[in-house]
Chemist: 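Below is the structure I would like to discuss, written out as structure tokens.
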Amino acid sequence: MTLEQHISSLAKSAVKDLYDVEATDAQIQLQKTRPEFEGNITLVVFPFVKLARKAPAQVAAEIGEELMKSELVAKYNAVQGFLNLSISDAFWVEQLRAIDADEHYGRFERPSEKALPFKEGEGVGSPLMMVEYSSPNTNKPLHLGHVRNNLLGYSIAKIQEANGWKVVKTNIVNDRGIHICKSMLAWLKFGNGETPESSGKKGDHLIGDYYVRFDKEYKAQIAELTAKGMDEETAKREAPLMLEAQEMLRKWEANDPEVRALWAKMNEWVYAGFDETYKRMGVSFDKIYYESNTYLEGKSEVEKGLASGAFYRREDGSVWADLTKDGLDEKLLLRSDGTSVYMTQDIGTAKLRFQDYPIDKMVYVVGNEQEYHFKVLSILLDRLGFPFGKELVHFSYGMVELPNGKMKSREGTVVDADDLMDKMVSDAREISKDKVNTLQGITEAEADEIARKVGLGALKYFILKVDPRKNMLFNPAESIDFNGNTGPFIQYTYARIQSVLRKSVSPKDGLSSVSDSGLSAEGGLDAKELALIQRLCEYPAAVRTAGDEFSPAVLCNYAYALACDFNSFYHDLSILNEPDEQKKTLRLLLSANVAKILKSAFGLLGIEMPERM
RNA sequence: GGUCCGGUAGCUCAGCUGGAUAGAGCAACAGCCUUCUAAGCUGUGGGUCUCGGGUUCGAAUCCCGACCGGAUCACCA
């Protein structure tokens, strides 16, 4: 039972005894005592003031007196309508012992309340959540916007696992369409047979360069045409390069062997590049879908919908869904030339996924610019008779903005993912050179590995600590900090603890004897020790909230608070030099569990911990 | 124009299911390493929580209305 549950039940009986009223859960308002007052947990007594017909401070004092009958409450003080309770040291020590004994502290066996029912006949097991994230286009390398997507997706998957879900991480690769044709065409025209091997470029960057090249040449053609007096709209439509790209797309759909071969070759280059970036970022997938394999399924679903009357065909042959009854517009599903659009493919992908897995909840990690798309997709799937349509979750996150606005691939105003990771790691390496005292005696390779973890830790934390729903700003001119509320700060706290544990004579013996002999609260807990234990107790709630709200930021905030508490404790109190053996072992045990939970929380964020730094 | 999201310190962000004097980090300034890692700790300055109403014991938080910023409403993805 948590402290809140204990106090809540005690408070209810106190109110019953004193005022003969059954208090509701909503009336029991508990909060952590603010640091400027004495106490650990505070009961807000305003809800009882009216029925007691007494002044708030008096009500608080009366309830406080009543609660003192429990061994749990050691002291109380009443300030206006706030009853501040000091919980007995014995309780806290017992909590620490329990946390230490629990290897999976902060993980839940059962799904959260939001879980859908188990599949019939499946018996025991966790409900299954599929999380789609990343979903790149194959015509350009990953940039900072994708980084946010990937980090959020991966972390959300880990967090939901901790909350009792079985999670399947998935990626839908947008490997076909006009965008890739543009790169292919530019490569054919201007590439002179360049390959990743011949140029030494990563495949995704090479393809991206030709995508940019296409746009440059295309714009030149438009300029040429408008100079001859053509209006801009027509020029955009009639430019030879655009016509060629569209022709190439039609050939692709018609399975033209040459186009298909080129497409396959260039996509391979891109995948090799993506794999490298994913690996470095530390994200992975359990199942990858390709649009080229799902769009036909989508088309056939649309045809079925057409037959059943869910959709309709216009005179020009295009197929539409009328969503005006749902308060939306009409939505195109198939172009007049019969080719499919994004929505068509998403319908097919959804169908295949639900065929492949017993999915209880489908989550799409996709930017908030696509909210309309997912609203429509949900309705369309429902209309096609898929029961999961209404249940899909669009985890809509905010954009990463640069000081001068949004990133635009074609305009070259992007922060490249590979470059950014390089920069972070080399910055970390540079900073570590000043730490000759703590990092002496390690090899170059070890130093590189630490810099890799720290640099990526700084980047990941920087991105994940922001509320995912909000847009965030990244200023390339200012490098990401390694001090203050940052990933490295928390990694540093962890490394410090590891250092202490390494230096304790025989930490294992020391710690196990604590568990055996029984850690006691004799001599009393120091305020810093108590605060740290109380913080450790909050971890499961943080994991739960992060899961319910789909917010890694909650765990960042928690880990930061825990690290702050530890650093304060570490500064004020000695661990290894503490003469009192009882206190020393308690502090060692406490430190070890802080490290355990910091590592656990960072694990849920996808951030690695260095053992020293 | 319709819909959705946001506006908190110079900057980047917490806090938002209503609770005590609104918090961090960065930047600025001042201290702390013969002591377990100074990527740390302590302190100072910095606020009309965009504005105006309302709800109540109590509003940054909830409601209404303005203003400002962003997204979206494609035979793009």
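Just so it is clear: chains get the letters A, B, ... in the order the sequence lines come, proteins before strands, and each one is counted from 1. Quantities reported herein were computed from a predicted structural model and do not represent experimental measurements. Worth knowing before you read on, the calculation uses all heavy atoms, side chains too, and leaves out hydrogens, waters and symmetry mates.
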Chemist: So, A/Phe37 versus A/Phe82, ring centres under 6.0 angstrom or not?
Modeler: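 So the answer is no for these two rings.
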
Chemist: So which nucleotide does B/A38 pair with, by the Watson-Crick or G-U wobble rule with both distances under 3.5 Å?
Modeler: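 Partner of B/A38: none found under 3.5 Å.
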
Chemist: Counting any heavy atom closer than 4.0 Å, what does A/Leu573 reach on the DNA or RNA strands: base, sugar-phosphate only, or nothing?
Modeler: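 Counting heavy atoms under 4.0 Å across all strands, the contact made by A/Leu573 includes a base.
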
Chemist: Distance alone, cut at 3.5 Å: any donor-acceptor contact between the side chains of A/Gln370 and A/Tyr342?
Modeler: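 Indeed, the side chains of A/Gln370 and A/Tyr342 share at least one donor-acceptor pair under 3.5 Å.
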
Chemist: So which nucleotide from B/A39, B/C16, B/C36 ends up closest to the side chain of A/Tyr570?
Modeler: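 My answer, after comparing the listed nucleotides, is B/C36.
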
Chemist: Searching all strands shown, indicate the nucleotide that pairs with B/G6 (Watson-Crick or G-U wobble; both distances under 3.5 Å).
Modeler: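 The answer is B/C68, by the H-bond criterion.
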
Chemist: Taking the same atom, C1', in B/U34 and in B/C29, what whole-Å distance lies between them?
Modeler: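 Rounded to whole Å, the distance is 29 Å.
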
Chemist: Quick check on A/Gln80: does its CD atom have over 12 non-hydrogen neighbours (other residues, nucleotides or ligands) under 6.0 Å away?
Modeler: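 No, the 6.0 Å shell around CD holds no more than 12 heavy atoms from other groups.
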
Chemist: If only atom types and distance count, is the side chain of A/Arg148 paired as donor or acceptor with the main-chain N or O of A/Gly398 below 3.5 Å?
Modeler: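 At least one qualifying donor-acceptor pair exists.
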
Chemist: Among B/C26, B/G23, B/G40, which is the nearest nucleotide to the side chain of A/Arg34?
Modeler: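 Nearest listed nucleotide: B/G23.
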
Chemist: Is B/C33 syn or anti, taking syn as a glycosidic angle within 90° of 0?
Modeler: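 Syn, which is what one calls it when the glycosidic angle falls within 90° of 0.
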
Chemist: Tell me whether the centres of the aromatic rings in A/Trp252 and A/Tyr295 are closer together than 6.0 Å.
Modeler: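 Aromatic pair counts; centres sit under 6.0 Å.
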
Chemist: Give the minimum heavy-atom separation between A/Phe311 and A/Val302, together with the two atoms involved.
Modeler: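 Heavy atoms of A/Phe311 and A/Val302 come nearest at CD1-O, 3.7 Å.
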
Chemist: Identify which nucleotide among B/A77, B/U72, B/G40 has an atom closest to any side-chain atom of A/Glu369, counting heavy atoms from C-beta outward.
Modeler: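 Minimum distance to the A/Glu369 side chain belongs to B/U72.
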
Chemist: Distance check, C1' atoms only: B/A74 and B/C63, in whole angstrom units.
Modeler: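 Approximately 37 Å lies between the C1' atom of B/A74 and that of B/C63.
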
Chemist: Figure out the CD1/P separation between A/Ile490 and B/G25, and round it to whole Å.
Modeler: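 The distance from CD1 of A/Ile490 to P of B/G25 comes to 13 Å, rounded to the nearest Å.
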
Chemist: Identify which nucleotide among B/G25, B/U3, B/A20 has an atom closest to any side-chain atom of A/Val79, counting heavy atoms from C-beta outward.
Modeler: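 For A/Val79, the side-chain atoms sit closest to B/A20.
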
Chemist: Counting Watson-Crick and G-U wobble pairs only, both distances under 3.5 Å, name the nucleotide matched with B/A22, or none.
Modeler: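 Base-paired to nothing in any strand shown.
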
Chemist: With rounding to the closest Å, how many angstrom separate the P atoms on B/G53 and B/C13?
Modeler: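 Nearest-Å result for B/G53 against B/C13 at atom P: 30 Å.
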
Chemist: Tell me which of A/Tyr492 and A/Glu330 sits closer to the 5' end of RNA chain B, going by the nucleotide each one is nearest to.
Modeler: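 It is A/Tyr492 whose nearest nucleotide is closer to the 5' end.
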
Chemist: How far, in whole Å, is B/A60 from B/G19 if one measures between their P atoms?
Modeler: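 Approximately 10 Å lies between the P atom of B/G19 and that of B/A60.
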
Chemist: Name the nucleic acid region contacted by A/Phe462, choosing base, sugar-phosphate or nothing; use a 4.0 angstrom heavy-atom cut-off, strictly under.
Modeler: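 No contact.
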
Chemist: Taking the minimum atom-to-atom distance to the side chain of A/Lys331, which one of B/G6, B/C26, B/A77 wins?
Modeler: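 In terms of side-chain proximity for A/Lys331, the closest of B/G6, B/C26, B/A77 is B/A77.
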
Chemist: Measuring from the side chain of A/Tyr372 (C-beta onward, heavy atoms only), which nucleotide among B/U37, B/G19, B/U72 has the closest atom?
Modeler: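 Among the listed nucleotides, the one closest to the side chain of A/Tyr372 is B/U72.
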
Chemist: So A/Val454, base contact, sugar-phosphate only, or nothing? Heavy-atom distance under 4.0 Å.
Modeler: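 Base contact.
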
Chemist: Quick check for you: among B/A77, B/C36, B/A14, whose closest atom lies nearest to any side-chain atom of A/Tyr342?
Modeler: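 Nearest listed nucleotide: B/A77.
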
Chemist: Write down the partner of B/G46 under the Watson-Crick or G-U wobble criteria, each distance required to be under 3.5 Å.
Modeler: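 Paired with no nucleotide.
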
Chemist: Are A/Phe82 and B/A20 stacked, counting the six-membered base ring, centres under 5.5 Å, planes under 30°?
Modeler: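 Yes, A/Phe82 stacks on the base of B/A20, since the ring centres sit under 5.5 Å apart and the planes are within 30°.
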
Chemist: Over all strands shown, is A/Asp572 touching base, sugar-phosphate only, or nothing at heavy-atom distances under 4.0 angstrom?
Modeler: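 Here A/Asp572 touches no strand at all.
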
Chemist: What distance, rounded to whole Å, do you find between the two P atoms, one in B/A38 and one in B/C32?
Modeler: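 The same atom, P, in both gives a distance of 16 Å.
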
Chemist: Expressed as a whole number of Å, how far does the C1' atom of B/A20 sit from that of B/U50?
Modeler: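 Between the two C1' atoms, the distance is 26 Å.
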
Chemist: Taking only the C1' atom of each, what is the distance from B/C5 to B/U42 in whole angstrom?
Modeler: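 So the two C1' atoms sit 40 Å from each other.
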
Chemist: If you measure only the distance, is there a donor-acceptor pair under 3.5 Å linking the side chains of A/Ser568 and A/Lys528?
Modeler: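 Yes.
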
Chemist: Counting only side-chain nitrogens and oxygens, does A/Lys470 get under 4.0 Å of the OP1 or OP2 atom of B/A14?
Modeler: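 Checking A/Lys470 against B/A14: at least one side-chain N or O falls below 4.0 Å of OP1 or OP2.
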
Chemist: For the side chain of A/Lys50, starting at C-beta, report the closest nucleotide among B/C36, B/C57, B/C41.
Modeler: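 Looking only at heavy atoms from C-beta outward on A/Lys50, the closest nucleotide is B/C57.
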
Chemist: Would you classify A/Gln80 as touching base, sugar-phosphate or nothing, given that sugar-phosphate means primed atoms plus P, OP1 and OP2, and contacts are heavy atoms under 4.0 Å?
Modeler: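 It contacts nothing in the nucleic acid.
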
Chemist: Please classify the nucleic acid contact of A/Gln370 as base, sugar-phosphate, or nothing, using heavy-atom distances under 4.0 Å.
Modeler: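 Answer is base: heavy atoms of A/Gln370 come under 4.0 Å of a base.
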
Chemist: So, A/Ser8 side chain and A/Gln5 main chain: donor-acceptor pair closer than 3.5 Å or not?
Modeler: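 Side chain of A/Ser8 to backbone of A/Gln5, a donor-acceptor pair under 3.5 Å: no, none is there.
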
Chemist: On RNA chain B, check which nucleotide each of A/Met399 and A/Ser499 is closest to and give me the residue with the more 5' one.
Modeler: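 Result: A/Ser499.
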
Chemist: For B/G58, give the paired nucleotide (Watson-Crick: N1-N3 plus N6-O4 or O6-N4; G-U: N1-O2 and O6-N3; both under 3.5 Å), or none.
Modeler: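 Across any shown strand, B/G58 pairs with none.
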
Chemist: Regarding A/Phe489, tell me which of base, sugar-phosphate or nothing describes its non-hydrogen contacts under 4.0 Å with the strands shown.
Modeler: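 A/Phe489: backbone/sugar contact only, no base atoms under 4.0 Å.
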
Chemist: Closest approach to the side chain of A/Leu473, judged atom by atom: which nucleotide of B/U12, B/U72, B/G40 is it?
Modeler: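 Looking only at heavy atoms from C-beta outward on A/Leu473, the closest nucleotide is B/U12.
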
Chemist: May I ask you to say what A/Gln29 touches in the nucleic acid, namely base, sugar-phosphate or nothing, with a heavy-atom cut-off under 4.0 Å?
Modeler: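 A/Gln29: base contact, heavy atoms under 4.0 Å.
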
Chemist: Any donor-acceptor pair under 3.5 Å joining the side chain of A/Asn84 to the base of B/A20?
Modeler: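 In this structure, the two groups form a donor-acceptor pair.
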
Chemist: As a test of reading the structure: which of B/A20, B/G40, B/A77 is closest to the side chain of A/His373, going by heavy atoms?
Modeler: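 It is B/A77.
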
Chemist: Contact class for A/Thr42 (heavy atom, under 4.0 Å): base, sugar-phosphate, or nothing?
Modeler: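 The residue A/Thr42 makes base contact.
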
Chemist: Determine the contact category for A/Lys435: base if any of its heavy atoms lies under 4.0 Å from a base atom, sugar-phosphate if only primed atoms, P, OP1 or OP2 are that close, otherwise nothing.
Modeler: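 Result for A/Lys435 = base.
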
Chemist: Can you check the distance between B/U3 and B/G10, where both ends of the measurement are the C1' atom (answer in whole Å)?
Modeler: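 Nearest-Å result for B/U3 against B/G10 at atom C1': 35 Å.
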
